[in-house]
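For reference, the structure discussed in these notes is given below.
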Amino acid sequence: MSGSPNRPVRRRTFVLGSAAAAGTAALAGPLALPASAASFGYTDDGSNYVVDTGANLVFKVSKTNGDLTSLVYRGTEYQGYGGKNSHVESGLGTSTVTIAQSGSTILVSVTYGTLKHYYAARSGENNVYVWTNKADTSVSATRYLVRVKAGLFLNDEPDSYTYAPTTIEAADVFAKSDGQTRSKHYSKLRVVDYDYIGWSTGAVGLWMVRSNHEKASGGPFYRSLLRHQSADGGGLYEILYYGENQTEAQRFGLQGPYVIAFTDGGAPSSSLYPGNLTTSWADSLGIFGYVAAGGRGKVAGVGISGRNTAYAYTVGLANSAAQYWGSARSSDGYFSIAGVLPGTYTLTVFKGELSVHSTSVTVNAGATTTLNTITIPSSNDPDNASAIWRIGTWDGTPSGFKNAALMTYAHPSDPRAAAWTGNVVIGSGSETSSFPAYIWKDVNSGLLVYFKLTAAQAAAAHTLRIGVTTAYANGRPRVTVNDWVSAIPSPPTQPSTRSLTVGSYRGNNYTFTYSVPASAWLTDTGQYNVLKIDVVSGSGTTAYLSAGTSIDALDLLA
């Protein structure tokens with residue numbers, strides 16, 4: 001991210017088959033025009049506009065509804081399964097569809113009510129550039145789904161349900177014969193973790209390169225479905241607003257471009273990645289809501305002091321109209337976020353995924369807003385508080401807790417998960433790894449933590465803190481210390497949809513605090529005090545869909 005906007009902290013993709021050995025394969029992106037470039041252009045077959053990129057890709061767009069009805073790469077049709085096309089959301093209705101060519105660019109424009117959608121082709125490239133402008137809620141969610149024919153790519157990654165015949169939750173979480181769970185939700189990845197998603201056979205790669213998500217919602221750590229594959233075929237997604245486990249209101253306006261890219265087996269060109277992609281060629285195409293580079297600004301920070309250098313720090317910008325982020329340099333906290341729409345933003349510094357500082361910043365078109373060193377107050381990082389004992393670390397995630405890593409790509413019922421029950425003894429050396437990442441009212445409520453206090457500690461009142469990253473069905477912790485019972489805390493604002501069972505712990509970080517009086521402690525310093533944690537709520541159903549919460553850290557302050 002240093003020097004470019006929205007560059008991920010690290011990158012991952014799914015490369016299947018023999019693609020791992022295909023590092024020298026041809027890449028998608030701006031290339032010298034091949035001999036076939038003379039065929040660049042479009043025709044009208046009566047039902048579709050047929051676009052030949054002049055490279056190895058020919059695609060069709062329905063003149064009726066703007067669906068992508070065909071994707072032919074090197075003579076093979078890749079689009080379609082179940083008699084369905086590729087399209088926005090579940091497909092638009094009757095739309096106005098037009099096409100125009102301007103030099104080396106062809107633009108197909110689709111208007112469906114207040115929604116405007118665009119496909120662009122560039123001469124000599126095996127890419128389809130896509131924009132979507134959603135103006136209001138007349139289209140419920142906003143995703144683009146590329147439907148891919150069955151049998152063209154091998155897939156048995158965690159997000160696949162190809163070999164998962166048993167439905168275990170809703171209509172989208174499945175179990176294989178060995179009990180291992182699969183779902184299109186189980187991508188493992190946050191937005192910040194990937195630039196592209198897709199498949200490769202080693203000879204052909206088909207990828208969805210994500211946009212910069214400036215009009216999406218949820219920030220850099222949002223998790224959502226990215227791809228799937230079943231007996232019918234596969235799907236690649238660009239999620240602009242899915243409505244599941246969302247922590248922010250929906251944003252409206254032009255999103256993109258995101259890119260459907262074909263290669264000869266290798267990864268898509270890095271020139272297509274968010275933060276790298278330049279589209280000056282689109283400046284004069286008349287795309288509704290399009291803002292060229294000259295109409296954008298930049299934020300640069302000299303550094304960030306008060307960091308814990310054991311953690312990665314991310315700087316986010318957000319307002320009701322747009323969102324951006326960039327990583328802080330590990331050596332000094334320098335950051336740079338470019339391509340920002342003009343406006344006033346809340347700037348947030350994240351330690352891991354935990355907000356530890358926020359301020360306001362204004363961005364102007366064609367200018368750089370330079371910030372002096374940002375100082376994170378010591379009190380803003382919960383880890384800085386002196387504690388008698390602490391389980392986990394305050395980083396905004398359940399990292400390190402039992403089953404935490406598995407839960408980004410499996411259902412809690414998966415046989416690979418360790419038992420969700422089990423108590424913890426402070427001083428055992430395995431406090432964090434023994435403590436479950438999630439607690440549910442109907443599964444493992446009533447977890448016990450055993451600890452001893454010195455005479456001086458037992459003579460004083462102390463604050464107990466429990467940090468959570470999300471909650472389902474208003475689940476929140478009520479604690480009992482020996483014979484003392486806390487009040488039932490009010491539920492904080494959290495997403496109302498599923499989270500813990502669909503691969504995401506990302507909600508709104510919140511810290512519950514409990515003032516435990518000195519009278520609650522045992523006076524015999526040789527005995528263990530017992531902390532009991534129950535999940536309370538009047539909502540939820542049963543088992544893993546009962547009220548629950550995800551744990552960030554818990555501690556007893558000195």
Side-chain angles (χ1 to χ4, degrees), residues 6 8-10 12 141 143 158-159 172-173 183-194 197 210 213 216-226 237 239-251 311-316 318 323-325 327 346 348-356 358 392-401 403-412 436-440 466-476 491-512 544-545 547-553:
N6 297 355
V9 173
R10 66 184 186 274
R12 297 179 186 168
R143 64 177 181 177
D159 54 342
D172 55 13
V173 182
S183 174
K184 62 185 179 182
H185 295 285
Y186 297 155
S187 69
K188 291 187 180 181
L189 305 177
R190 308 169 302 174
V191 175
V192 76
D193 293 329
Y194 74 98
I197 199 78
R210 74 167 176 86
H213 279 223
S217 297
F221 313 124
Y222 181 65
R223 296 175 183 269
S224 189
L225 66 166
L226 298 179
Y237 297 88
I239 300 296
L240 306 178
Y241 184 82
Y242 193 58
E244 184 170 83
N245 209 35
Q246 293 284 176
T247 57
E248 295 181 294
Q250 185 172 186
R251 293 182 173 92
Y311 296 87
Y313 282 72
T314 302
V315 178
Q323 61 171 7
Y324 308 90
W325 56 84
S327 64
T346 297
T348 303
V349 178
F350 297 94
K351 169 197 173 189
E353 297 184 18
L354 182 67
S355 170
V356 291
S358 63
T393 58
W394 293 90
D395 65 355
T397 81
S399 176
F401 286 100
N403 295 326
L406 179 67
M407 287 302 95
T408 63
Y409 62 94
H411 190 270
Y438 299 165
I439 307 175
W440 291 271
I466 300 178
V468 302
T469 72
T470 195
Y472 176 69
N474 288 328
R476 66 268 197 200
T493 300
Q494 296 288 4
S496 60
T497 59
R498 290 180 299 164
S499 54
L500 306 179
T501 60
V502 289
S504 179
Y505 57 78
R506 180 73 277 132
N508 294 311
N509 286 99
Y510 185 83
T511 301
F512 294 92
Y544 298 105
L545 289 178
T549 192
S550 169
I551 305 297
D552 177 11

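Everything numeric in this text was worked out from a predicted model, so none of it was measured.
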Quick check against the 3.5 Å criterion: does [X] have a side-chain atom that pairs as donor or acceptor with the backbone of [Y]?
X	Y	value
Thr348	Gly316	no
Asn245	Arg506	yes
Thr393	Asp395	no

Residue among Thr549, Thr408, Asp552, Val468 satisfying side-chain contact (heavy atoms from CB on, under 4.5 Å) with Tyr505:
Thr408
Candidates His185, Arg223, His411 - the one meeting side-chain contact (heavy atoms from CB on, under 4.5 Å) with Val502:
His185
Do we see a donor-acceptor contact under 3.5 Å between the side chains of Gln323 and Tyr222?
no
How long is the span from the [atom1] atom in [X] to the [atom2] atom in [Y], to the nearest 0.5 Å?
X	Y	atom1	atom2	result
Asn509	Thr397	CG	OG1	8.5 Å
Tyr311	Lys351	OH	NZ	4.5 Å
Ile551	Phe401	CD1	CZ	6.5 Å
Asn474	Thr493	CG	OG1	9.0 Å
Thr247	Gln494	OG1	CD	9.5 Å
Arg143	Leu240	CZ	CG	11.0 Å

Mind listing the closest non-hydrogen atom pair of [X] and [Y] along with its distance?
X	Y	value
Tyr241	Ala141	O-CB, 3.2 Å
Ala547	Ala473	CB-O, 3.6 Å
Asn508	Pro495	ND2-CD, 4.3 Å
Ser217	Ala249	OG-O, 2.8 Å
Leu500	Gly548	CD1-C, 3.9 Å
Thr501	Tyr186	O-OH, 2.7 Å

Taking C-beta and beyond as the side chain, do [X] and [Y] meet within less than 4.5 Å on heavy atoms?
X	Y	result
Tyr438	Met407	yes
Tyr194	Lys188	no
Trp394	Val356	no
Arg210	Val191	yes

Apply side chain to side chain contact (heavy atoms under 4.5 Å, CB included) to residues Phe221 and Phe350 and explain how you reach the verdict.
CA-CA 10 Å; Phe221 313 124; Phe350 297 94; 3.7 Å; yes
So the salt bridge (charged side-chain N to carboxylate O under 4.0 Å, His left out) pairs with at least one residue in residues 240-250 (sequence neighbours excluded) are Glu244-Arg498, Glu248-Arg251
Test of ring centre spacing under 6.0 Å for Tyr237 and Tyr242:
no
Any chance the rings of Tyr510 and Phe512 have centres within less than 6.0 Å?
yes
Should Asp172 and Leu225 be marked as a side chain to side chain contact (heavy atoms under 4.5 Å, CB included) after you check the CA-CA gap, both sets of side-chain angles, and the distance that decides it?
CA-CA 11 Å; Asp172 55 13; Leu225 66 166; over 6 Å; no
